[in-house]
Amino acid sequence: MSLFAKFQPLAQDREALLSQGVDPFGAPIEEIYSPTEARINGKKTILAGTNNYLGLTFDKKCLDAAHAAIDEQGTGTTGSRMANGSFSGHRALEKEIATFYTCEKAIVFTTGYQANLAVISGLANNEDVILIDADSHASIYDGCQLSGADIVRFRHNNPDDLHKRLERLGERAANALIIIEGIYSMLGDRARIREIIEVKKSFGAFLLVDEAHSLGVLGEKGRGLVEEAGVIGEADFIVGTFSKSLASTGGYCVSNHPQLDFIRYASRPYVFTASSPPSVIASTREALRRIEKGGDLRATLWKHTNRLYKHLQDSGYELGPEPCPVIAALLHTREQALRLWRGLYEHGIYVNLIFPPATPGGKSLVRISVSAAHTAEQIEKICHAFTTLAETASASD
Ligand code: PMP
């Protein structure tokens, strides 16, 4: 088989989409007006698929901090922290993240994806076993693969199934690593974390929680599901990203296990990549302060979320199981999802279109992410567009 033959099915899929005049996976963002508006293909469009939950991408303090860091420290670090050293900002941010979580240790990574790759492949090797939720993000799957560990998938958000699978592992269960997400990125549902912690404790296993979508969104100080559920001290490792509520790029892991520090030496995705530029670190530090005092932003975010979720539900859409700033409309076929996505786009609303196999249960998804920066008027426009498109979206092909 030729090297390029494997792209044939992709090429056919892409051609079918482009022949309809849209590329849902490559929208040209020509100008950004605000956290919630941009010009796409010459048209002013509401951004409703950004993960910019708190809308901090244009926060004045974050912008000022990033500008100052560029002026003082330049545009990039041009290498990894192992080889080139750690700038004071990287170290300061690690301290601040550890304090934020009241944890002993924190490591900052260049992306959230790398945080999962680095932590999972650093912690586990081919003698270990990792249990992951079936709906885990690709970075978790990839981290597991890189580790070489045995991978066991348990049924999505099902502590009983997790229990059963741990039991089958016998003695190995006491050293197993369990991985869950605070809010799942596809359907926007919270992990049943308290029950999962009970299971973990009964076997003496370890738990890693990826709070990518819940940081800034859940908990009084925005620390995610671990805070909302009152279990910060009971998760062995908490991973997250800077690319959503923190409005930049990067990732982190916090833990009370002092051994977390060894990831810096033992993990290729930490050692062999360049560290974040000073401007990214500086804006992230400001955003973290804003998140901690972000009760006002979270109140607006949840008001918009509840309004939109209820409206979509009343309009007959099949949604994820609970209101969350990730709101997924589930469609039976790719064609229905594409029709809905295109209809929203024509109404001046940009959301995410996601096809299997990236989705759970073989459904296609049109996914909204709500932002505290959306105005009430924008939320009403989104509601109106979904109502108008409800019949077209559910029509059989
Ligand atoms: N974990 C989860 C659950 C995610 O949804 C994502 C990104 N969507 C990541 C990790 C990776 O984060 P990043 O995009 O910042 O690399």
Side-chain angles (χ1 to χ4, degrees), residues 25 47-54 56-57 93 97 106-123 130 132-147 153 156-157 177-191 193 196 207-218 223-226 235 237-254 263 267 269-270 273-277 280-281 283-284 287-288 291 320 324-328 351-355 357-360 365 367-371:
F25 307 116
L47 301 174
T50 58
N51 306 314
N52 194 356
Y53 298 121
L54 300 184
L56 293 181
T57 43
L93 179 55
I97 294 177
I107 306 184
V108 160
F109 301 91
T110 311
T111 70
Y113 179 81
Q114 280 170 348
N116 271 332
L117 286 197
V119 175
I120 299 169
S121 70
L123 286 172
I130 308 177
I132 59 174
D133 186 286
D135 285 4
S136 291
H137 186 258
S139 57
I140 294 173
Y141 277 95
D142 294 354
C144 290
Q145 229 163 29
L146 190 62
S147 75
R153 275 163 40 128
H156 175 56
N157 223 357
L177 177 66
I178 302 162
I179 305 181
I180 60 170
E181 295 175 30
I183 290 178
Y184 284 90
S185 59
M186 288 296 140
L187 299 184
D189 48 340
R190 289 169 171 82
I193 196 166
I196 287 169
L207 177 68
L208 183 154
V209 186
D210 180 346
E211 297 269 17
H213 292 269
S214 29
L215 172 74
V217 167
L218 300 177
R223 289 178 287 185
L225 185 65
V226 286
F237 305 95
I238 301 167
V239 169
T241 173
F242 302 162
S243 70
K244 305 185 193 306
S245 285
L246 287 167
S248 64
T249 55
Y252 62 88
C253 179
V254 296
I263 298 287
S267 187
Y270 178 85
T273 199
S275 59
S276 302
V280 166
I281 296 291
S283 79
T284 305
L288 187 65
I291 279 191
C324 249
V326 178
I327 302 179
V351 295
N352 310 124
L353 176 66
I354 312 170
F355 290 146
T359 54
L365 302 183
R367 186 182 66 177
I368 309 170
S369 57
V370 185
S371 173

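Order of listing sets the numbers, starting from 1, for every ligand and every atom in it. Hydrogens, waters and symmetry mates play no part in the numbers below; they use all other heavy atoms, side chains included.
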Subject >> Contacts of type ring pair (Phe, Tyr, Trp, His ring centres under 6.0 Å), residue Y113, not counting sequence neighbours >> reply: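 Y113 satisfies ring pair (Phe, Tyr, Trp, His ring centres under 6.0 Å) with no other residue.
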**OP:** Identify, with sequence neighbours excluded, every residue that meets ring pair (Phe, Tyr, Trp, His ring centres under 6.0 Å) alongside F25.
**Re:**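 If we apply the ring pair (Phe, Tyr, Trp, His ring centres under 6.0 Å) test to F25, skipping adjacent residues, the hits are F355.
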**OP:** Not counting sequence neighbours, which residues clear side-chain contact (heavy atoms from CB on, under 4.5 Å) with T284? List them please.
**Re:**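 Residues passing side-chain contact (heavy atoms from CB on, under 4.5 Å) with T284: L93, F242, L246, S248, V280.
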Original post:
What are the two closest non-hydrogen atoms of V217 and S245, and how far apart are they?
Top reply: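 Closest pair (atom of V217, atom of S245, distance): CG2-OG, 4.0 Å.
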Subject >> Heavy-atom pair with the smallest gap, counting every atom of E211 and G182 >> reply: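 Smallest interatomic distance, heavy atoms only, reads OE1-CA, 3.7 Å.
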**OP:** Would you check if there is a donor-acceptor pair between the side chains of Y184 and N157 at a distance under 3.5 Å?
**Re:**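 There is no such pair between these side chains.
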Show me the short polar-atom pairs for ligand 1: any N or O of it lying under 3.5 Å from a protein N or O, with distances only.
{"from": "ligand 1", "atom 1": "1 (N)", "to": "D210", "atom 2": "OD2", "distance (Å)": "2.6"}
{"from": "ligand 1", "atom 1": "5 (O)", "to": "H213", "atom 2": "NE2", "distance (Å)": "2.7"}
{"from": "ligand 1", "atom 1": "8 (N)", "to": "K244", "atom 2": "NZ", "distance (Å)": "2.8"}
{"from": "ligand 1", "atom 1": "15 (O)", "to": "G112", "atom 2": "N", "distance (Å)": "3.4"}
{"from": "ligand 1", "atom 1": "15 (O)", "to": "T241", "atom 2": "OG1", "distance (Å)": "2.5"}
{"from": "ligand 1", "atom 1": "15 (O)", "to": "S243", "atom 2": "OG", "distance (Å)": "2.7"}
{"from": "ligand 1", "atom 1": "16 (O)", "to": "G112", "atom 2": "N", "distance (Å)": "3.1"}
{"from": "ligand 1", "atom 1": "16 (O)", "to": "Y113", "atom 2": "N", "distance (Å)": "2.8"}

